[in-house]
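The next block holds one structure in the form of structure tokens; read it before the comments.
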4 protein chains.
Amino acid sequence: MSSSDSPTSRTGRPRSTEADAAILEATRASLVDLGWSKLTMGDVATRAKVAKTTLYRRWAGKNELVVDAVAVLFDELELPDRGSLAADVQGVVLQFAALLERPETRTALMAVVAESTRDDSLRRRIRSAIVDRQKRLVLLGRERAQARGELRYEADASTATRNADLIFDVIAGAVVHRTLVSAEPVDAEWASGFTTLLLLGLAGTQEP
Amino acid sequence: MSSSDSPTSRTGRPRSTEADAAILEATRASLVDLGWSKLTMGDVATRAKVAKTTLYRRWAGKNELVVDAVAVLFDELELPDRGSLAADVQGVVLQFAALLERPETRTALMAVVAESTRDDSLRRRIRSAIVDRQKRLVLLGRERAQARGELRYEADASTATRNADLIFDVIAGAVVHRTLVSAEPVDAEWASGFTTLLLLGLAGTQEP
Amino acid sequence: MSSSDSPTSRTGRPRSTEADAAILEATRASLVDLGWSKLTMGDVATRAKVAKTTLYRRWAGKNELVVDAVAVLFDELELPDRGSLAADVQGVVLQFAALLERPETRTALMAVVAESTRDDSLRRRIRSAIVDRQKRLVLLGRERAQARGELRYEADASTATRNADLIFDVIAGAVVHRTLVSAEPVDAEWASGFTTLLLLGLAGTQEP
Amino acid sequence: MSSSDSPTSRTGRPRSTEADAAILEATRASLVDLGWSKLTMGDVATRAKVAKTTLYRRWAGKNELVVDAVAVLFDELELPDRGSLAADVQGVVLQFAALLERPETRTALMAVVAESTRDDSLRRRIRSAIVDRQKRLVLLGRERAQARGELRYEADASTATRNADLIFDVIAGAVVHRTLVSAEPVDAEWASGFTTLLLLGLAGTQEP
DNA sequence: CCCTAAGCGAGACGGTACGTCAGGTCTTCGG
DNA sequence: CCGAAGACCTGACGTACCGTCTCGCTTAGGG
């Protein structure tokens, strides 16, 4: 997660793992208190009771640090089996919205995405640390729905991938837009309306 | 659009309207060259051949300036009548994606949205200058589709509004997510797949 | 004193003489409140209820304005006949010291002198508006002392001038240094000690 | 002399002593080229090849910096034994005048004195860094004259101090006034006339 | 059991940009 | 033409962070 993918240099004092944890924790705290644009490396260092050098030894800058600090939060998302595809979708929509309401994700997510439009390595980091990891939810949901007979098995693998990507963009995009751009609440009612729209659309594409 | 909503103070030298235009143009140019995070007020002032103070007299800061500079680009979006709802949706999806591919919008849009999560006045500015202005496309598209008989007229006004908002979040969200987060192209194929999904979903809700 | 030495241009609106007085008064007030370095043209204009342009039409800048504003205060110095040279000297020393204790002169005098070291026209202005005007006190004091028989009449005119200049520098210099550099009070005791020293010195040069 | 009178904090990177020297040197050079009022912290930093922050870390502002930069020049003043009190006084008068003719002292001295009239801490700094240090010359001169039998030993210590202060104010004041206010040269002739006046005055006060 | 290489804290360093302020000038309107 | 109002350009201000550096000290592993 942090940068040290090096072959574990054998000599010298090893890096403090406590520092790592303290820094990420401090980063989230700073995001909550100050927001993305006011967050500074110095402030994070102070909160984590760590020297600035220690931060820079591990992360190249604010962008990378925040991605790592926030990524772990997205792993909290789960897909408990609620018995039907509609319930599963609605559940994940509400979970995702709740995550986006948290101040640390709220302020950080769009900011790092914005930065990533001009920084390829950052975009790759975001994809691997956040985006791609959450596609698992779409894939898992589909599998369950297929097992239940709610969805057909897709014959063509590439079509299957394309569909999963589309669904992911629609769900994630709609929830993010509703939450951060429209700044309206994602409540059970909205989640229900959205889920209905999505599943009818999906069902339609599977008709003969 | 800029700050002077005052009742046009009668005395003193009036503000230069040329400066206004030059500043917004310079802001877009600076966004293209430097991106959001590297853009500075000083650079914009230099490009616009204007003093920094002249910027600050009109805009409170980088955020407000960029919103105004970018907002006008969104007004380019149109909804030419292509004869069917599907064609209209697909058309606007492609237009919107093309707009998001432009470097000035690409780097600016998410950034100001991110900032707006901690700044209510900024969020209001974004809504009035960008978001709400584009809902017109959804409303216009629905009217046309209703005139064509592709969609029913909605009896309940509040349901109608809710539906329009939902559709707007789904379209805008999906396109933004595909473009900026997934960083995959919005080509005719994707647009077609997305439009199909959306319209089937809409049709489904009108069946019974 | 102010700049308009033009041959009374016959046409157009005449300059407000009230404005002149108000500006000089405002300048002194600003000196008292803010001191030389914090005094600004804008503040003076505001206090005088006058536009900045009006100031610049009359004075080239802060330096010239302050010299004129302060010069008039030095004309308050007088040399009442106290019956003896010693009493006259002591009197003028105390008067001068009292003038230098006033905040407007205190802060302004050294400042404009400092500026004048790099600005010949300013130095000329200071000399004509302040310094040379006060030499009259030395000359008047000498005349009286000569009339009283306390001092001999000087035969050589250039020697007389040289002596007057020397005495002026010694008196003015000592009082200024005591007041502004040493920052010690010029009370009757000090004035007495200084006068004694000076007059004994003068007497000595006239002995043989 | 600079700010660090702290007990040498043991941790962190130590301050660069080269920077200290370069800054003071650059300050003097800037005074020569630009004069007090045009001197800027930025220019000094540039000349010293140092960041502006490095200046502000050591000095609170222009005033303090210039006092320190100029103070060292005053330490050049010496009192070589020329065999008689008159010769000693005349020598120091000419040295002091030569110092005041140098552009860096010329422009700086009166300026900082002017500022000090509104800033007690600055006045203390000037006194300790410049004024009081030069009183040594008066004291040394008196001691020598007493050793030579030219002056009596003063019985009362407080009277001795008062006299030394008076002489200091007279010498320094007269030379400064002649040089900077009257803007006339302090040549051997003037120095001789002044010395005669002063010593006769002193002699007179010691008669029975 | 010391040696050595790296980690660590502290804080100074050269920079860049900030947002503000003052200096002077220019442009409008009204007197 | 004068005067007020206020916008304009210029350039300096003092501050905040940046990311790097240089210290002296700590901490483990390998010889």
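This is a predicted model, so every value here is computed, not measured. Scope of the values below: all heavy atoms of this structure, side chains included, with no hydrogens, waters or symmetry mates. Reminder, nothing fancy here: chain letters follow the sequence lines and each chain counts from 1.
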Could you state the [atom1]-[atom2] distance from [X] to [N], rounded to the nearest angstrom?
{"X": "D:Asp20", "N": "E:dA12", "atom1": "CG", "atom2": "P", "value": "12 Å"}
{"X": "B:Glu18", "N": "F:dC8", "atom1": "CD", "atom2": "P", "value": "11 Å"}
{"X": "B:Leu65", "N": "E:dA17", "atom1": "CG", "atom2": "C1'", "value": "15 Å"}
{"X": "A:Leu55", "N": "E:dA10", "atom1": "CG", "atom2": "P", "value": "13 Å"}
{"X": "D:Arg57", "N": "F:dT22", "atom1": "CZ", "atom2": "C1'", "value": "13 Å"}

With nearest nucleotides of DNA chain F determined for A:Pro14 and B:Thr17 from heavy-atom distances, which residue corresponds to the more 5′ nucleotide? B:Thr17

Reported [atom1]-to-[atom2] distance for the pair [X] and [Y], which is rounded to 0.5 angstrom:
{"X": "C:Lys38", "Y": "D:Glu115", "atom1": "NZ", "atom2": "CD", "result": "8.0 Å"}
{"X": "A:Leu31", "Y": "A:Leu109", "atom1": "CG", "atom2": "CG", "result": "11.0 Å"}
{"X": "A:Lys52", "Y": "A:Met41", "atom1": "NZ", "atom2": "CE", "result": "9.0 Å"}

Holding to side chain to side chain donor-acceptor pair (under 3.5 Å), I want the full list of residues that pass it with D:Asn63, two or more places apart in sequence or in another chain. none

How would you list, by chain and number, every residue that makes a side chain to side chain donor-acceptor pair (under 3.5 Å) with D:Asp33, sequence neighbours excluded? D:Arg47

Short side-chain N/O contact to [N] OP1/OP2 from [X], under 4.0 Å:
{"X": "C:Arg58", "N": "F:dG3", "answer": "yes"}
{"X": "C:Thr54", "N": "F:dA4", "answer": "yes"}
{"X": "D:Arg15", "N": "E:dG11", "answer": "no"}

Taking D:Asp68 as the fixed residue, which of D:Arg28, D:Arg58, D:Arg125, D:Lys62 is the one that meets the salt bridge (charged side-chain N to carboxylate O under 4.0 Å, His left out) rule? D:Arg125

Nucleic acid footprint by protein, nucleotides 15-21 of chain F - heavy-atom cut-off 4.0 Å, B for base, S for sugar-phosphate alone: BBSSBBB

